[in-house]
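The structure under discussion appears below in the form of structure tokens.
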Amino acid sequence: MLYPNLIDAIGHTPLVRLGLGAERGVEVYAKLEMNNLFAMKDRVAKQIITEARRTGELAEGAPIVESSSGTMALGVALVGSLLGHPVHIVTDPRIDRVTLSKLQALGCQVHVVPAMDDRGWQGARLTRLNQIMEENPGAFWPRQYENPQNPAAYRALAEELLADLGPVDVLVGAVGSGGSLCGTSRVLRQSEPDLYVVGVDCVGSVLFGQPDRPTRLQSGLGNSLNPENLDHSLIDEVHWLNDREAFGATRDLAREEKLFAGNTSGSVYRVLGAMADRAEPGVRIVGILPDRGDRYVDSVHDDTYWSEKQLTALPLAARPRQVLAGAEVDRWSYQRTSPDAPRPAFVFVESNTTGTGMLALRIAAQAGYEAVLATGDPDRYPGLAATGATVVDCDTNDVDDLRQAVTKALDLGRITAVSTTSEFYLVAAAELAIATGLPAQSPAALAGCRDKGLLRHTLQAAGVRQPAFEVVRDADQARTAAARIGTPCVVKPVDDSGSTRVVRCDDVEQAAALAAEIIAVGTNGRGQPTARAALIEQYLDAPEYSVEMFGVDGEHRLMGIVEKTVTGTPNFVESRHIVPADLPPQSAAELVATVRAALGAAGLERGPSHSEVKLTASGGAMIEINPRLAGGLIPELFRLATGVDLLAAQVAHAAGDEPALPEGFTRYAGIQFILPGAAGPLDRVDGVEQARRVEGVERVVVTASPGAAVAPPTDAYGRIGHVIATGNSRAAVTRALDTATALLSVQLRADRVEGPAPTAS
Ligand SMILES: Cc1ncc(COP(=O)(O)O)c(C=O)c1O
């Protein structure tokens with residue numbers, strides 16, 4: 001193509017279709033601004049300098065001064081020196097040798113400032129630039145960050161796109177000054193008001209509200225200042241990539257598309273991929289690729305540089321995660337800027353039925369997420385409608401169906417967190433999290449805790465103290481095991497919850513009968529197949545505690561120890577909890593050490609865990625690990641005694657935020673469950689008002705409705721209410737619970753059998 005001079009040859013860059021999205025009929029194009037004489041900013045230099053010459057702001061032969069280490073310096077050097085202006089480029093030692101060579105070869109004066117000032121390199125460069133301006137009266141400074149001719153330079157780019165392609169649906173561009181993306185989209189929007197504009201920034205740049213990280217390595221995009229040329233109102237979505245992700249994407253761009261480019265092109269390429277994945281067939285997406293790879297041979301494209309900068313230590317996201325406004329990001333993430341854009345989604349897989357499940361949905365919604373409940377049975381959850389949560393109806397017991405339903409209902413990237421408040425869906429939630437590219441506890445580790453028999457074997461192999469045990473699959477095995485272990489022994493299903501069918505057996509035949517009963521149950525209350533196995537274990541006559549931990553960054557942080565009271569004759573119904581447990585420091589340390597060893601052996605790394613452990617004369621002995629928050633309103637006791645909401649911590653942590661965890665107790669809190677002493681239809685519980693007036697009592701709640709069939713409970717589900725009390729000592733809480741409990745009496749209907757006062761064992 002013939003041009004009368006180099007300046008006229010600027011622009012007219014190729015537009016090429018990439019392979020991305022092609023198999024789904026999505027059209028992705030790259031505007032190869034890297035094919036300019038130097039790079040994209042040749043356009044800006046041409047526009048700013050010719051306009052300044054036209055208005056007279058830049059006199060014939062007057063010097064041009066610019067602060068830049070990159071494409072703007074090259075553009076100014078090209079256009080300015082070609083038009084006969086002396087060109088001064090102020091830069092710093094981080095300039096790459098290719099750019100430095102090019103600038104020097106063109107005959108510019110390159111001023112390399114030797115040190116940062118209190119405003120960093122940028123400040124030192126501006127000081128030097130001002131000095132040069134003073135020394136050269138009439139000198140012209142293009143000021144790309146605020147000069148409106150910067151965005152105006154991209155009218156030509158937009159017109160080239162329209163001429164080559166016609167309408168564009170999505171435009172993706174890196175943002176440094178904002179000139180290219182805002183200038184191009186402003187023109188395109190005149191003919192296409194629905195154009196969706198996606199900005200690409202880097203982690204640690206302030207352009208879209210992230211905190212400044214001056215150590216970031218990416219060049220070209222990002223900024224420590226907010227440039228006037230960035231018009232946020234034009235941008236619908238912004239993506240951030242960290243240095244590893246941006247540089248890795250640049251290398252992928254070379255390998256996959258044969259485009260040897262700089263890091264801003266790499267980041268744009270990565271985002272184009274995500275937009276293509278999200279787009280419907282027929283959608284036309286254009287990305288602007290600003291410069292070539294030659295300036296980056298010693299950095300982005302160099303393995304030694306990667307290892308020097310320890311780039312592989314940075315996180316690497318396979319997909320971007322939509323984050324809330326104000327969230328700080330450290331890996332590929334995105335935000336939608338329009339207030340009515342879909343919010344990031346927080347998906348819960350089923351829920352517990354104790355009420356905290358519905359509360360968790362509300363907490364997620366209050367934090368700004370779209371709360372979503374994936375469930376096979378919405379009717380199971382009273383109060384679900386009132387939470388405003390979106391319901392994805394699917395077979396949650398089939399992980400494939402769950403994944404398909406959730407990813408059909410929500411864009412993959414919108415799924416910001418996956419969690420559950422149900423014991424029975426821990427593995428499914430972790431699998432869904434992994435399938436959607438989110439960090440998760442290993443499903444195998446969760447499954448290895450959910451199956452108490454497997455856990456016993458794991459703990460045994462790791463040498464963690466625990467009762468003698470055997471997993472049995474029929475009555476004969478149970479008989480032999482009980483005889484070997486000795487009676488009394490405890491018999492339980494390997495995979496239920498809430499102490500269901502956990503029984504102390506005083507003789508071998510009883511153990512065999514109970515095991516047979518357990519093994520005969522093929523499906524649990526959630527319609528899942530059971531393991532059809534029972535655990536026979538040694539009965540340890542020792543006080544029981546639960547150790548509440550929270551795994552953050554691979555470290556299990558202790559939240560507190562709970563003193564537990566279980567009925568234990570013969571069932572193990574948890575009747576009372578008190579936090580914090582009043583334990584001598586050495587006993588507490590022993591329990592915590594036992595639990596830490598158990599968690600490590602089980603391979604648990606992240607999120608809450610509720611571990612039950614007995615304190616025997618010779619130290620802690622593990623009973624079980626529940627890789628979730630404690631039930632039984634223990635989180636409520638923590639809230640009262642520490643001021644910290646553990647459910648909110650779970651929600652925050654699942655969404656990738658640092659959870660606020662308890663840092664000590666300000667008082668004691670306890671709960672006493674109301675346990676009917678006789679069977680029959682419930683009439684009422686007397687004494688509730690008097691119990692509420694007891695000093696220290698926070699609340700008295702009866703959960704069973706009149707007419708409900710009640711009985712002395714054999715598991716957690718048979719409890720019919722509770723009393724919660726707080727106080728400054730364990731004794732005060734115990735007194736309050738005892739006094740309140742003594743005032744309550746469970747009245748049954750019909751023959752009006754009067755139950756004894758609820759057990760407070
Ligand atoms: C290589 C490269 N890519 C992208 C950009 C960002 O473009 P803009 O300043 O138009 O926002 C720049 C800006 O300097 C750049 O040098």
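For ligands, and for the atoms within them, numbers begin at 1 and follow the listed sequence.
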At less than 4.0 angstrom from any non-hydrogen atom of [X], what atoms of ligand 1 do you find?
| X | value |
| --- | --- |
| D291 | 1 (C) |
| S177 | 8 (P), 9 (O), 10 (O), 11 (O) |
| G178 | 8 (P), 9 (O), 11 (O) |

Considering heavy atoms of the protein only, find what lies nearest to [atom] and give residue, atom and distance to 0.1 Å.
| atom | answer |
| --- | --- |
| atom 3 (N) of ligand 1 | T264 OG1, 2.9 Å |
| atom 16 (O) of ligand 1 | T71 OG1, 2.5 Å |
| atom 12 (C) of ligand 1 | G220 O, 3.0 Å |

query = Using a heavy-atom cut-off of under 4.0 Å, does the side chain or the backbone of M72 touch ligand 1, or both, or neither?
reply =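 Within the 4.0 Å criterion, M72 makes no contact with ligand 1.
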
Does [X], backbone or side chain, put an N or O under 3.5 Å from an N or O of ligand 1?
| X | result |
| --- | --- |
| G176 | yes |
| S180 | yes |
| P290 | no |
| N150 | no |

task = For the pair K309 and D243, evaluate salt bridge (Lys or Arg N to Asp or Glu O under 4.0 Å) and give the outcome as yes or no after the intermediate values.
result = CA-CA 10 Å; K309 300 291 181 191; D243 295 336; over 6 Å; no

message = Apply ring-ring contact (aromatic ring centres under 6.0 Å, His included) to residues H12 and Y3 and explain how you reach the verdict.
response = CA-CA 11 Å; H12 324 287; Y3 295 102; 5.0 Å; yes

message = With ring-ring contact (aromatic ring centres under 6.0 Å, His included) as the rule and sequence neighbours excluded, what pairs involving residues 292-318 come up?
response =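 Of all non-adjacent pairs touching residues 292-318, those that pass ring-ring contact (aromatic ring centres under 6.0 Å, His included) are F260-H301.
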
key: Closest contact, heavy atoms only, A364 versus A371   =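 Here A364 and A371 meet closest at CB-CB, 4.4 Å.
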
query = Does the Q335 side chain pair with the main chain of L324, one donor and one acceptor, at a distance under 3.5 Å?
reply =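 The answer is yes, because a donor-acceptor pair under 3.5 Å joins these two groups.
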
Any heavy atom of [X] closer to ligand 1 than 4.0 angstrom?
| X | result |
| --- | --- |
| K41 | yes |
| L181 | no |
| A39 | no |

Charged N-O contact under 4.0 Å between [X] and [Y]:
| X | Y | answer |
| --- | --- | --- |
| R186 | D231 | yes |
| D303 | R251 | yes |
| D291 | K41 | no |

query = Can you say whether the rings of Y334 and H239 are parallel (under 30°), tilted (30 to 60°) or perpendicular (over 60°)?
reply =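 Because their plane-to-plane angle is under 30°, the rings of Y334 and H239 count as parallel.
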
